[in-house]
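Below is one structure, written out as structure tokens, with a few remarks after it.
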2 protein chains.
Amino acid sequence: MTNKKALPERCNAALADALEPEFFKALCDPIRISIVATLAETCEPTSVTDIVDCCGIDFSGVSRHLKILKDAGILAAERDGRHVRYRLETDSLARTLREMADALDRCSAQLS
Amino acid sequence: MTNKKALPERCNAALADALEPEFFKALCDPIRISIVATLAETCEPTSVTDIVDCCGIDFSGVSRHLKILKDAGILAAERDGRHVRYRLETDSLARTLREMADALDRCSAQLS
DNA sequence: GGCTCGCTTGCACCAGAGTGCAAATAATGT
DNA sequence: ACATTATTTGCACTCTGGTGCAAGCGAGCC
């Protein structure tokens with residue numbers, strides 16, 4: 001039996017730190033998921049007008065969804081003339097997901 | 001230049017399939033995150049009454065949060081006398097997160 | 001059987017999120 | 001300067017989600 005009470009707070013804090021609600025909130029909308037999937041597919045900076053096609057809503061709504069994803073660090077935006085092109089931060093997103101998984105594993109590993 | 005147009009739909013579908021909005025919806029609330037973190041820490045089935053301590057709300061609300069997490073497959077519940085003990089499906093959760101990361105990597109790998 | 005404890009569920013309420021429309025801003029072309 | 005295209009933002013609306021309170025249900029205890 002290892003010291004079960006030795007570092008529980010640290011474990012909890014690390015997990016709670018890794019599992020950022022804002023991150024999940026950004027991805028809990030089906031339209032935002034389809035945006036992410038679309039950008040993952042094309043993998044090159046895409047204008048708002050083009051992205052609108054994959055969502056069934058007004059472009060103003062799409063613009064707002066894009067802002068939410070950008071603020072969460074999931075997308076990056078860059079102006080190109082009068083277009084604004086969005087691209088998926090694939091590496092960063094994948095890393096974030098794996099860090100969460102790692103934090104979970106570390107928590108359960110401490111008890112065995 | 002590889003065949004860029006060869007399997008974009010499959011890629012998109014695989015990602016959209018892996019990135020389930022319901023999963024993120026279950027984790028987009030700060031109280032639910034603290035529940036997950038608490039259960040990851042203790043790592044043993046915990047009663048609702050004990051879980052309530054980590055959230056600042058009424059136990060009825062906690063019960064509802066637990067149901068949401070259970071329905072999403074993130075927690076498991078088992079009756080023990082008059083207690084209902086919840087535990088975190090750590091392995092399953094970590095696997096889900098890694099599968100998402102893998103699906104993302106696969107999408108971007110197809111283009112290079 | 002009645003009682004208490006532990007948890008869930010119905011109800012009403014309030015705050016927040018998504019949406020469309022229209023106006024505002026940004027950048028380019030004429 | 002004006003018109004046009006691309007995107008963002010303000011506004012109002014609706015719908016969903018989280019919350020507390022109170023009632024209901026399930027399981028053990030007297």
Side-chain angles (χ1 to χ4, degrees), chain A residues 16 19-39 42-89, chain B residues 16 19-39 42-89:
Chain A
L19 271 46
E20 194 56 57
E22 297 307 318
F23 173 80
F24 294 105
K25 195 170 268 181
L27 292 172
C28 75
D29 183 278
I31 290 185
R32 290 200 285 273
I33 292 294
S34 68
I35 290 174
V36 168
T38 301
L39 290 179
T42 62
C43 229
E44 47 186 24
T46 308
S47 70
V48 179
T49 316
D50 287 344
I51 298 175
V52 165
D53 297 338
C54 84
C55 337
I57 64 170
D58 192 80
F59 57 89
S60 65
V62 175
S63 176
R64 268 182 266 259
H65 282 304
L66 289 169
K67 175 172 169 46
I68 292 171
L69 289 167
K70 189 184 63 140
D71 289 348
I74 295 167
L75 302 186
E78 54 189 45
R79 263 216 112 91
D80 174 23
R82 38 185 159 187
H83 294 268
V84 175
R85 307 208 187 270
Y86 286 87
R87 67 183 165 75
L88 183 62
E89 295 271 33
Chain B
L19 270 46
E20 193 55 57
E22 297 307 317
F23 173 81
F24 293 105
K25 196 170 267 181
L27 291 172
C28 74
D29 184 277
I31 291 185
R32 290 200 285 273
I33 292 294
S34 68
I35 290 174
V36 169
T38 301
L39 290 179
T42 63
C43 229
E44 47 187 22
T46 307
S47 70
V48 179
T49 316
D50 287 344
I51 297 175
V52 166
D53 297 340
C54 83
C55 336
I57 63 169
D58 192 80
F59 58 91
S60 65
V62 175
S63 178
R64 269 182 267 258
H65 282 305
L66 290 169
K67 175 172 168 47
I68 291 170
L69 288 168
K70 190 185 63 145
D71 290 348
I74 296 167
L75 302 185
E78 54 189 45
R79 265 217 109 91
D80 174 24
R82 40 185 158 185
H83 294 267
V84 176
R85 307 207 188 270
Y86 286 87
R87 66 183 164 75
L88 183 62
E89 296 270 32

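Letters go in sequence order (proteins before strands), and every chain restarts at 1. Keep in mind that this is a model prediction, so the values were computed, not measured.
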- Please round to the nearest 0.5 Å and tell me the distance separating atom CD1 of B/Ile35 and atom CG of B/Leu88. 11.0 Å
- Task: With the side chain of B/Val84 defined as its heavy atoms from C-beta on, choose the nearest nucleotide among D/dT8, D/dA6, C/dT8.
- Result: C/dT8
- Say you draw a straight line from CD of B/Glu22 to CD1 of B/Ile68; how long is it, rounded to the nearest 0.5 Å? 10.5 Å
- Item | Intermediate values then yes/no, side-chain contact (heavy atoms from CB on, under 4.5 Å), A/Phe23 and B/Leu27 | CA-CA 9 Å; A/Phe23 173 80; B/Leu27 291 172; over 6 Å; no
- Message: Between B/Ile33 and A/Phe24, is there a side-chain heavy-atom distance shorter than 4.5 Å?
- Response: yes
- Nearest-Å distance for atom pair CD1/P, residues B/Ile31 and D/dG20: 8 Å
- Non-neighbouring partners of B/Arg87 that pass side chain to side chain contact (heavy atoms under 4.5 Å, CB included), sequence neighbours left out: B/Pro45, B/Ala76, B/Glu78, B/Glu89
List, with names and distances, any nitrogen or oxygen atoms from the protein found under 3.5 Å away from nitrogen or oxygen atoms belonging to nucleotides 10-12 of chain C.
from: C/dG10; atom 1: O6; to: B/Arg64; atom 2: NH1; distance (Å): 3.3
from: C/dG10; atom 1: O6; to: B/Arg64; atom 2: NH2; distance (Å): 2.6

- Item | Phosphate-side-chain proximity, A/His83 and D/dT7, N/O vs OP1/OP2 below 4.0 Å | yes
Going by atom type alone, with no hydrogens or angles, which donor-acceptor pairs under 3.5 Å involve a side-chain atom of residues 56-66 of chain B and a protein atom two or more places apart or on another chain?
from: B/Asp58; atom 1: OD2; to: B/Ser60; atom 2: N; distance (Å): 3.0
from: B/Asp58; atom 1: OD2; to: B/Ser60; atom 2: OG; distance (Å): 2.8
from: B/His65; atom 1: ND1; to: B/Arg32; atom 2: NH1; distance (Å): 2.9

- Spacing of A/Ile51 atom CD1 and A/Thr42 atom OG1 [to the nearest 0.5 Å]: 7.5 Å
- Determine the minimum heavy-atom distance between A/Pro21 and B/Pro30, stating which atoms define it. CG-CA, 3.8 Å
- Item | Separation of B/Leu39 CG from B/Ser34 OG (nearest 0.5 Å) | 9.5 Å
- Item | Protein-nucleotide distance (A/Phe59, atom CZ; C/dG18, atom P), rounded to Å | 19 Å
- Mind checking salt bridge (Lys or Arg N to Asp or Glu O under 4.0 Å) for B/Asp80 and listing every partner two or more places apart, or none if nothing turns up? B/Arg85
- Can you tell which of D/dG20, C/dT8, D/dT8 lies closest to the side chain of B/Ile57? D/dG20
- Atom-to-atom span, CD1 of B/Ile35 to C1' of D/dG18 - whole angstrom: 12 Å
Just the atom pairs and distances: protein N or O near nucleotides 13-17 of chain C's N or O, under 3.5 Å.
none

- Query: Contact class for A/Leu66 vs. all strands (heavy atom < 4.0 Å): base, sugar-phosphate, or nothing?
  - Reply: nothing
- Message: Each nucleotide in nucleotides 24-30 of chain D should get exactly one letter: B, S or -. Can you fill that in based on protein heavy atoms under 4.0 Å?
- Response: --BBSS-
- Message: In this structure, how many angstroms lie between the P atom of D/dT8 and the CD atom of A/Glu78, rounded?
- Response: 13 Å
- Task: Go through D/dG20, C/dT19, D/dT8 for me and flag the one nearest to the A/Tyr86 side chain.
- Result: D/dT8
- Query: Closest heavy-atom contact between B/Thr46 and B/Asp50?
  - Reply: CG2-CB, 3.5 Å
- Message: Heavy-atom nearest nucleotide on DNA chain C for B/Ser47 versus A/His65: which residue maps closer to 5'?
- Response: B/Ser47
- B/Asp58 has its side chain closest, among D/dG20, D/dT19, C/dG6, to D/dG20
